[in-house]
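Read through the structure below, which is laid out as structure tokens, and then see the notes.
All values derive from a computational prediction rather than experimental measurement. The sequence lines fix the lettering, A, B, ..., with proteins before strands; numbering per chain opens at 1.
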Amino acid sequence: MSRLTLTQAINAGLRKAMEDDPKVVLMGEDIGTLGGVFRVTDGLMKDFGSHRVIDTPLAESAIIGTAVGLAYRGFRPVCEIQFDGFIYPGFDQIVSQVAKLHMRTHGQVRMPLTIRVPFGGGIGSPEHHSESPEAYFVHTSGLRVISASNPQDAYTLLRQAIACDDPVMFFEPKRRYHAKGEVDLDADLTRAPAMGASRVVHAGTDVTLVTYGPLVATALDAAKAAADDGISLEVVDLRSLSPLDYGPIEESVRRTGRVVITHEASETLGLGAEVAAGITERCFNYLEAAPVRVTGFDIPYPPSKLEKHHLPDLDRMLDGVDRALGRPNSLSGLEG
Amino acid sequence: MSRLTLTQAINAGLRKAMEDDPKVVLMGEDIGTLGGVFRVTDGLMKDFGSHRVIDTPLAESAIIGTAVGLAYRGFRPVCEIQFDGFIYPGFDQIVSQVAKLHMRTHGQVRMPLTIRVPFGGGIGSPEHHSESPEAYFVHTSGLRVISASNPQDAYTLLRQAIACDDPVMFFEPKRRYHAKGEVDLDADLTRAPAMGASRVVHAGTDVTLVTYGPLVATALDAAKAAADDGISLEVVDLRSLSPLDYGPIEESVRRTGRVVITHEASETLGLGAEVAAGITERCFNYLEAAPVRVTGFDIPYPPSKLEKHHLPDLDRMLDGVDRALGRPNSLSGLEG
Amino acid sequence: MLEASANSGASPQTGIHQLIAADGTSVADGELDPFVADVDDAQLVRLYSDMVAIRRIDVEATALQRQGQLALWPPMLGQEASQVGSLRALGGDDFIFPTYRENGVAYLRGADLAGIMSTWRGSANTGWDPYKFNMATPQIIIGSQTLHATGYAMGLVLDGKETLSIAYLGDGATSQGDVHESMVFAASFQAPVIFFCQNNHWAISEPVGLQAHVPIAGRAPGYGIPSLRVDGNDVLAVLAATRWAAARARSGGGPSFIEAVTYRMGAHTTADDPTRYRGVTELEEWGAKDPIARVKALLQGRGKLDDDAEAAVARRADAVAAELREGTINLPDPAPLSVFDNVYTTEHAILDRQRDHYERYLAGFAPTDGTTLEGSRS
Amino acid sequence: MLEASANSGASPQTGIHQLIAADGTSVADGELDPFVADVDDAQLVRLYSDMVAIRRIDVEATALQRQGQLALWPPMLGQEASQVGSLRALGGDDFIFPTYRENGVAYLRGADLAGIMSTWRGSANTGWDPYKFNMATPQIIIGSQTLHATGYAMGLVLDGKETLSIAYLGDGATSQGDVHESMVFAASFQAPVIFFCQNNHWAISEPVGLQAHVPIAGRAPGYGIPSLRVDGNDVLAVLAATRWAAARARSGGGPSFIEAVTYRMGAHTTADDPTRYRGVTELEEWGAKDPIARVKALLQGRGKLDDDAEAAVARRADAVAAELREGTINLPDPAPLSVFDNVYTTEHAILDRQRDHYERYLAGFAPTDGTTLEGSRS
Ligand SMILES: Cc1ncc(C[n+]2csc(CCOP(=O)(O)OP(=O)(O)O)c2C)c(N)n1
Ligand SMILES: Cc1ncc(C[n+]2csc(CCOP(=O)(O)OP(=O)(O)O)c2C)c(N)n1
Ligand SMILES: [Mg+2]
Ligand SMILES: [Mg+2]
């Protein structure tokens, strides 16, 4: 076991994947000499050479599009998109090529790309540096979408993503990049939890709180705070955003009858909509209240001095929990 | 009143908007001399000149991006994207510029763009010509999203969209392009239903069937078929996909207690997820069953010989209705 | 007045390399001649035969579309020399990234004619195995494939191979950002990729002058990529230019760009009506520059195309036509549940559930004709 | 080995127009001289003063960032001549589309210093009214603004205006598809737009040789767009080049491209550590080509920069620094509910509901300090 930050864990995961498979190449802006603006690829160019850690020209569509060509040729490219807000110029290549090529070619051409995206807010950055674009990709058939919330998961999930023959969007909660945790660097991948599996990270009995990525830590704090208040929260870390693994949530909601979903992305068609709809379909007769969403608002990401008013925090989560429990809360007295 | 096809109604709407406001300009590939691959802009270049009906080079990001510049200068550009699958190269400009510029500039710069997108399947086309990308835009704060289902609505909603100071994504159900209907070309826009308003297009009492665009006609057929079976469906045409107008749905679901949502787009994070989540939040205590989704599958659009197995049709809608009613249906006997 | 300055300079007939003039006479070209010094008359007859064969594919496919056997067809009429000349310059290991229009190239590469047609019939998204023919399937998103070709070529460098990739693109495609980014990457990484642009003068209804104010071949040097502008209706010139580019690629010279100046004699696709946007004069003018007629004239002038040879060429074309028709008409419809196939390489909780539900749903209709519902997963 | 061919040819010091050498001596340039024939010493002093003032903005803002008053700052150190020379060639009606780095341009255009800083403090997305200064707000998405400038210029043609638009862009930006598409549209519609590229040799940690294999100015002619390559550390040369491009635009000559060869002497932003990727030699080399020092030398050589003049320049810089600091520190934090402002121009059922809910939620915390929650809607 090693104690690593999230960035160090991802770095270790990349290193391991490159050691294990010579076909793994990294591509992105500033990932080589600089080691990435978040230093996630620190040292890798030095150790693996500039033919496997490729500083690319400044063009996201080309980063994805040439990775498609490399995949055609049998490589397993791992692309870094510098910040969430810069994924959109590459959107066409992701949606029309990466996601569809395997089906288009009747399974003959595989697209084992991993597209790493530091995402989410809370780091005081200017516009376009705090987006939560995961829903766009969850809605895109042909992709798998992952978000790790802690160093161990980041290490394991990234290795699984790179080893996966399907394209994987890998969302890294950048505001947790410096969070530390124990990582078993030698763990056997075949014995790790499946890449598609969600997980109960805090057991509880009153309300199920579902989240992923950057808000898992906040949700765990909320669970502690709620406990002080006599409310027992069960926290589920989705880990896989696509496909969703309803198993643990279903099991939990059948016990609690109440569910709160929280994420930074905007509410409308954010992941919470799918979880709410999916859990209602699966557990209608067990639900005591409508699933509650605690999310970013339906606004473009605000200037950083306002981000605390956009991002769900512990208090807003607990307010949502109150709503799920029918306790006095911010919406009490309002219809609907 | 004139009897027009959907394309003729849109053509008339464009013509009226251009007559009413000299700042309205049309841009797109093949929209001028050819009149568009669907002939929607037929005759407009001849009548308004090539300075107001602009055949652009083949580049969607530039079509949107130069429209942003024109809007900066006080124009109201109406961009045609030739087919749904070609919107993605313009995605970055839409998400990072069009949707955000008004907020970015504290309301000083307005983005009254209308982006017309012929969308949906069922016309026997090759790949990329049958996509339903509306959910991407509904999830994007700062945009309004419209889908008309009939000639009168198309005419009115398009004029409203062009007159609106916010950017509007205007999704045209291309497989209904030749459907005819009565259109009042001289109707007063100020007395028309609001652009954001959804509408009950068939009254009923047993189940609420919510849809938009190309499937409204199918839903109305389903209502007829259900009636033969003694089931009374209330059909709601959303018209505005963003913002959603919950008024008529809520009112309906409070009476029926059962709701089916149907669209061509994939299920996961398709619009049905939001409607299901939103209606559950608003009507939990009135619901007799979980909202049911009848949608395209979570697959890339299939080759046209298979599209009938992807697109919801009357039978699949009725199967969904049976599910909502707890009658024998395709999922009977399955858990969840 | 905001009007695209339809600068006819976008396609002047000057500065275009040519080896066979429109009337079938040979033209000397110091730069290109060395690349086709080995092409004897027998080889020229083969190139001629290739062109006749793919023109026949076009005729037959167009007819099948009219008869409702194909949903759509993008004719290559007039572009036979560009397709044949470029393909015949390549080695079997060179990897091809086509658009939707290189169906002649696919046939010459060995792809099954019915497979090629399956895309246009709507029975499959694509109809051949890219790895069997070293040729990617048709690309509909304009310009997209140029990035794939560039990435593939980057991979060739990584693998230490001396083969290359080639991206076909149209004149309209040159406006897309992806094509630019391809050239940036290709130049930066000195990737062995050939950008083969068929300037057929039209992008659906838009003349090339709207996309390019000056000749398209002039773009590449701005990236440090050498380019050639050739007569795209001259199969020898195209062959020579592509060999020039291929030789550069194989010897570590990096990317090259070729503008083959040709003409789309037919409609954009069978869904298009070009009479709405272009006049007959232009068509007549280009009709006189037919790529097949000039080779025929050249060979006949040399007395190298006797009746036997002509008969053999015709027999091949007839065989192609018969195989195409037969194969197309007999293409089976895909099985309903195959809609779920190949979206992912392995299981997927949500999609597998949808498949199970749909299977159960379809079962309710109890097919009685013995057809199977199954996709490949069964 | 796949390695970007870091062709130093991407930025050779040859073929670069210059009017003031690094040591402050005048250089004759037949092409550019006519465009600055009117620039007398008094005007040169003003250009000098502008450069000193914006360097002071840079120093002050960098300090404020270190003190935690700004979240981030993108220095323009070394690029003063490019910013001043280009801006001073424009008329007040010409519309500017900057990147994030043209904060000196914004100041010279008249934008309030505190407003400029509000973006970098995080108290606002942007800090000035584009229509008041005919200058768009900073653009962070690389290359995006070149399309906006092109569209704006298309609008100028439609409106029959004789003004122009100018897009600033970096060397790194030239790799983006949007920049290419801008040039395609600008050429097709002969839009009066100037593409002003500051080749400061770096895109964060990536040297210009990775983006461009040959000089950047060489791209534009491939679109039929004339270009000039100038010494971007020479304020007169930049002024002249921009006037050349502006004159073309105003007289219906359409788009032009300028590559101003300069150098980013500082970090990419205050969050960057350039010691990780570039050596001191390069820095020293470029330090000797400082844009301000050379004008000072020139003026002093001519005896045109006496103590009084220097003092006036210093006073202006001091005033700028004071105003900047004062204004920045006193920028109010935005009101909580203003997060909901200006997303739409009119009501929006869903967002208005979220606002109401959040207002009710915040009310539960009962602020006691008298601050208001309201955004502008109240
Ligand atoms: C991104 C994108 N935009 C638009 C289209 C629609 N479209 C199909 S073919 C075509 C014209 C292409 O012209 P060109 O590149 O010259 O190739 P050609 O058809 O002449 O061979 C257009 C606009 C598309 N397929 N993809
Ligand atoms: C689309 C996009 N991709 C990546 C980035 C991250 N990024 C910000 S500045 C920058 C380098 C820009 O270099 P250049 O264009 O030379 O301008 P300079 O910073 O040198 O002025 C990068 C990669 C971005 N802002 N937008
Ligand atoms: Mg063409
Ligand atoms: Mg730079």
Side-chain angles (χ1 to χ4, degrees), chain A residues 60-61 85-96 99-100 103-104 127-128 131 133 135-136 138-142 242-244 246 250 261 265-278 280-285 287 289-293 296-302 335-336, chain B residues 60-61 85-96 99-100 103-104 127-128 131 133 135-136 138-142 242-244 246 250 261 265-278 280-285 287 289-293 296-302 335-336:
Chain A
E60 288 77 11
S61 188
F86 312 145
I87 186 110
Y88 307 121
F91 198 70
D92 174 57
Q93 284 288 339
I94 297 174
V95 170
S96 292
K100 297 189 169 83
M103 189 205 191
R104 179 180 305 152
E127 242 196 313
H128 311 292
E131 308 261 305
Y136 296 126
V138 173
H139 182 54
T140 305
S141 305
S242 178
L244 284 169
Y246 279 104
E250 234 178 294
I261 309 126
S266 295
E267 178 176 278
T268 295
L269 281 181
L271 210 67
E274 184 60 37
V275 174
T280 305
E281 282 160 12
R282 287 165 175 80
C283 304
F284 185 72
N285 292 323
L287 283 178
V292 169
R293 293 185 277 176
F297 299 117
D298 287 359
I299 59 172
Y301 202 85
E335 328 157 42
Chain B
E60 288 76 12
S61 189
F86 312 146
I87 187 107
Y88 307 121
F91 198 70
D92 174 56
Q93 284 288 341
I94 296 174
V95 169
S96 291
K100 296 189 169 82
M103 190 205 191
R104 179 180 306 150
E127 241 195 314
H128 311 293
E131 308 261 303
Y136 296 126
V138 173
H139 182 54
T140 304
S141 305
S242 179
L244 284 168
Y246 279 103
E250 234 178 293
I261 309 127
S266 296
E267 178 175 277
T268 295
L269 280 181
L271 208 66
E274 183 60 38
V275 174
T280 305
E281 282 160 11
R282 286 166 177 80
C283 304
F284 186 71
N285 292 324
L287 283 178
V292 169
R293 292 184 279 175
F297 300 117
D298 286 359
I299 59 173
Y301 201 86
E335 328 158 44

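The residue among A/Gln93, A/Arg104, A/Met103 with the most heavy atom pairs within less than 4.5 Å of chain B is A/Arg104. Among the candidates A/Ala289, A/Cys283, A/Pro243, A/Pro291, the residue making the largest number of heavy-atom pairs closer than 4.5 Å to chain B is A/Ala289. Interface remark: of the candidates A/Gly142, A/Ser96, A/Pro302, A/Ser96 forms the most heavy-atom pairs closer than 4.5 Å to chain B.
Between B/Phe91 and A/Phe91, the ring-plane angle classifies as parallel under the 30° and 60° cut-offs.
Remark: B/Ser141 pairs with A/Ser266, A/Asp298, A/Pro300 by the side-chain contact (heavy atoms from CB on, under 4.5 Å) rule, at least two apart or across chains.
Note: B/Glu281 CD to A/Arg293 CZ = 4.0 Å, rounded to the nearest 0.5 Å. Considering OH of A/Tyr88 and CD1 of B/Ile94, their distance stands at 12.5 Å, rounded to 0.5 Å. The CG atom of A/Leu269 sits 5.0 Å away from atom CD of B/Glu274, with the distance rounded to the nearest 0.5 Å.
The contact between B/Thr140 and chain A is made by backbone and side chain atoms together, counting heavy-atom distances below 4.5 Å. No part of B/Glu60 comes within reach of chain A, as not one of its non-hydrogen atoms sits under 4.5 angstrom from that chain. Using a 4.5 Å cut-off between heavy atoms, B/Val138 contacts chain A through both its backbone and its side chain. Contact annotation for A/Leu287: both backbone and side-chain heavy atoms come within less than 4.5 Å of a heavy atom of chain B. Residue B/Ala135 touches chain A through both its backbone and its side chain, counting heavy-atom pairs closer than 4.5 Å. In this structure, no portion of B/Ile87 lies under 4.5 Å from any heavy atom of chain A.
Contact check on A/Glu127 versus B/Lys100 returns no salt bridge, with no Lys/Arg side-chain nitrogen under 4.0 Å from an Asp/Glu carboxylate oxygen.
Residue pairs meeting the salt bridge (charged side-chain N to carboxylate O under 4.0 Å, His left out) criterion with at least one member in residues 85-96 of chain A, sequence neighbours excluded, do not occur.
Between B/Ala276 and A/Ala277 the shortest heavy-atom distance is CB-CB, 3.8 Å.
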